[in-house]
S.K.: 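Please find one structure pasted underneath; my questions will follow.
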Amino acid sequence: WYNYTLRVDFDAIGMGGRTIAEKVRFRNAVCEALKAEGVTASSWLRCITPQLPVFRAKNVYGGGYPWAVPGADVGVDYSPEKFPVAMRMLYSHIAIAQCLRYPNTPELASQVGDAIIKVFSQLNEIDPARIEAILQRRQG
């Protein structure tokens with residue numbers, strides 16, 4: 001109970017019809033807004049499990065196992081579109097990696113909670129292009 005995951009509900013905020021790339025861009029901007037409020041936020045998922053090379057190659061344990069076992073490969077399809085919930089989590093999640101347990105205090109947890117409420121209550125004001133421009137200026 002010390003690591004938390006937030007999720008941007010794109011349907012609820014009227015962005016359900018956007019492309020995955022647009023959703024990822026917006027999610028990343030939300031992460032940056034949380035960071036600006038002092039919250040350690042990021043996206044840690046880069047692909048869903050069925051997209052990992054060992055699953056695509058059907059070679060988890062080497063030598064083709066477990067698919068090489070007679071009768072084991074019953075035509076399981078690991079296409080990403082077969083896993084819509086996992087795909088939705090991939091582009092909508094935000095990981096709060098801030099340690100909210102001892103030795104940190106309840107006050108820190110309260111500050112993090114306040115920051116999350118602030119950012120998520122103002123999602124309509126987040127402009128990914130503006131945030132990306134600020135980050136580029138800082139790096140450049």
S.K.: Mind listing the closest non-hydrogen atom pair of Ser43 and Cys31 along with its distance?
M.R.: N-SG, 4.3 Å
S.K.: Applying a strict under-4.5 Å side-chain criterion to I, L, V, M, F, W and Y, I'd like to know whether Leu6 and Val85 cluster together.
M.R.: no
S.K.: Look at the aromatic rings of Phe10 and Tyr91 and report parallel, tilted or perpendicular, splitting at 30° and 60°.
M.R.: tilted
S.K.: Rounded at 0.5 Å granularity, tell me how far OH in Tyr78 sits from CD in Gln51.
M.R.: 13.5 Å
S.K.: Drop me the distance from Ser42's OG to Asn28's CG, to the nearest 0.5 angstrom.
M.R.: 10.0 Å
S.K.: Go through it in stages, so that I can follow the logic: the residues are Ile134 and Arg138, the test is side-chain contact (heavy atoms from CB on, under 4.5 Å), and I'd like the CA-CA distance, side-chain angles, deciding distance and then a yes or no.
M.R.: CA-CA 6 Å; Ile134 290 168; Arg138 286 183 190 162; 3.8 Å; yes
S.K.: Mind listing the closest non-hydrogen atom pair of Val39 and Ala115 along with its distance?
M.R.: CG2-CB, 3.5 Å
S.K.: Quick one: are Ile126 and Val119 in side-chain contact, heavy atoms under 4.5 Å?
M.R.: yes
S.K.: Show the nearest heavy-atom pair for residues Leu90 and Cys47, with the distance to one decimal.
M.R.: CD1-N, 3.5 Å
S.K.: When you look at Leu45 and Met89, which way does the side-chain contact (heavy atoms from CB on, under 4.5 Å) test go after all the steps?
M.R.: CA-CA 9 Å; Leu45 290 173; Met89 183 65 177; 4.2 Å; yes
S.K.: Could you tell me whether the side chains of Glu107 and Ser110 share a donor-acceptor contact shorter than 3.5 Å?
M.R.: no
S.K.: Decide, yes or no, whether a salt bridge links Glu22 with Arg25 under the criterion of side-chain N to carboxylate O below 4.0 Å.
M.R.: no
S.K.: Under the 3.5 angstrom rule, does the side chain of His93 hit a backbone N or O of Trp44 as a donor-acceptor pair?
M.R.: yes
S.K.: Mind listing the closest non-hydrogen atom pair of Ala29 and Pro128 along with its distance?
M.R.: CB-CA, 3.8 Å
S.K.: Starting at CE of Met87, measure out to OG of Ser79 and round the result to the nearest 0.5 Å.
M.R.: 11.0 Å
S.K.: Rounded to the nearest 0.5 Å, what's the gap from CG on Asp9 to CE on Met15? Could you check?
M.R.: 11.5 Å
S.K.: At their closest point, which heavy atom of Ile96 faces which heavy atom of Ala41, and how far apart are they?
M.R.: CD1-CB, 4.0 Å
S.K.: Please report the interatomic distance CZ(Phe120) to CD1(Ile13), rounded to the nearest 0.5 Å.
M.R.: 8.5 Å
S.K.: In this structure, would Ile117 and Leu34 fall into the same cluster of hydrophobic residues linked by side-chain contacts under 4.5 Å?
M.R.: no
S.K.: Is it the case that the side chains of Arg27 and Ser92 hold a donor-acceptor pair, with the cut-off being a distance below 3.5 Å and no angle test?
M.R.: no
S.K.: Under a 3.5 Å distance rule, please check whether Lys23 uses its side chain to pair with a backbone N or O of Gly16 as donor and acceptor.
M.R.: yes
S.K.: Report the distance from atom CG of Leu123 to atom CZ of Phe26, rounding to the nearest 0.5 Å.
M.R.: 5.0 Å
